[in-house]
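Take a look at the structure set out below.
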Amino acid sequence: NKIIKEIKVNNVEIKLVSGDITIEETDAIVNAANSHLQHGGGVAGVIARKGGSDVQKESNEYIKKYGKVETGNVAVTTGGKLKCKYIIHAVGPIWRGGSEQEEKLLYDAVINSLKKAEELKLNSISLPAISAGIYGYPIEKAVPVYKKAVYDFINTNPQFLKEIRFVVYDEEHYDYFLKEF
Ligand code: ADP
């Protein structure tokens, strides 16, 4: 994947990269999951296919044990056959026009992913454009929320997480990321 922009905030590197999140070699990748962790379409489908059957199997075990993942929360599985150690499955909100707490729920999905990575003592993480695909969150509204969550997280002075990468898959998304960061 190609780095399109790199910035350093406090001691943390934020990198915008173009390409496919499933080939990232960070300690964790974030999946844009649904509450039932059924990884059918979108980025989730690609992650589950390339990760092999363990990813869906572990997801099913998680749901059986803990129940569904509420919007804004995360669940963790191994990376299966992917290069990453973990997949952090983050559930973003479905866009319903903006008056259903979508902004807070998207913020939670991002910051909870970062907090989980820190809790697991990981050094690096890659995130996709959560909610900005099938879930319909307008990209121009989503990117400022991603940024706020990342900056707020960095302001907690993480000890472990030193590299946060956004993997931009849709070419139409590049400009929004570049302008915001
Ligand atoms: P959601 O249901 O949260 O909207 P989607 O999977 O539909 O999740 O889309 C989230 C984002 O992931 C979209 O912007 C889409 O372009 C992007 N995406 C799709 N495939 C990949 C991939 N292989 N790597 C990174 N991002 C991807």
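When a ligand or atom number is given, it counts from 1 through the structure's own listing order. The model shown is predicted, which means the values in this text are computed figures rather than measured ones.
Ligand 1 has an N or O atom lying under 3.5 Å from an N or O atom of Val43, backbone or side chain. The N/O atoms of Ala44, backbone and side chain alike, include none that comes under 3.5 Å of an N/O atom in ligand 1. Between Ile21 and ligand 1, at least one N/O pair is under 3.5 Å apart.
In this structure, the side chain of Glu102 engages the main chain of Arg96 through a donor-acceptor pair within 3.5 Å. Side-chain atoms of Glu118 come within 3.5 Å of backbone atoms of Leu161 as a donor-acceptor pair (strictly under, hydrogens ignored). Side chain of Thr22 to main chain of Ile47: no donor-acceptor pair is present (N/O by atom type, distance under 3.5 Å, no hydrogens or angles). Remark: the backbone N or O of Asp108 is paired with a side-chain donor or acceptor of Asn112 at under 3.5 angstrom.
Nearest-heavy-atom check against atom 1 (P) of ligand 1 across Trp95, Tyr137, Tyr135 picks out Tyr135. Residue nearest to atom 4 (O) of ligand 1, selected from Gly92, Gly40, Gly133: Gly133 (by heavy-atom distance).
Looking from atom 3 (O) of ligand 1 to the surrounding protein, the closest heavy atom is Ser131 N, 2.9 Å. For atom 8 (O) of ligand 1, the closest non-hydrogen atom of the protein is Ala32 CB, 3.5 Å. Of all protein heavy atoms, the one lying nearest to atom 10 (C) of ligand 1 is Ala129 O, 3.2 Å. Among protein heavy atoms, atom 14 (O) of ligand 1 sits closest to His173 CE1, 3.2 Å. The protein heavy atom nearest to atom 7 (O) of ligand 1 is Ile134 N, 2.7 Å.
Phe181 has its ring centre no less than 6.0 Å from the ring centre of Tyr146.
Using a 4.0 Å cut-off to heavy atoms of Gly42, the atoms of ligand 1 that qualify are 6 (O). If you number the atoms of ligand 1 from 1 as listed, the ones under 4.0 Å from a heavy atom of Asp170 come out as 14 (O), 16 (O). The ligand atoms of ligand 1 that sit less than 4.0 angstrom from a heavy atom of Asp20 are 22 (C), 23 (N), 24 (N). For ligand 1, the atoms closer than 4.0 angstrom to any heavy atom of Tyr169 are 16 (O), 18 (N), 19 (C), 20 (N), 21 (C), 22 (C), 23 (N), 24 (N), 25 (C), 26 (N), 27 (C).
Residues Thr77 and Ser59 bring no donor and acceptor atom of their side chains to less than 3.5 Å of each other.
For Lys64 and Tyr62, the positive end is not near the middle of the six-membered ring at less than 6.0 Å and at most 45° from its axis. Relative to the six-membered ring of Tyr176, Lys179 meets both conditions, a distance below 6.0 Å and an angle of at most 45° to the axis.
Checking each of Glu13, Glu24, Glu6 against Arg165 for a salt bridge (Lys or Arg N to Asp or Glu O under 4.0 Å) leaves exactly one that passes, namely Glu24.
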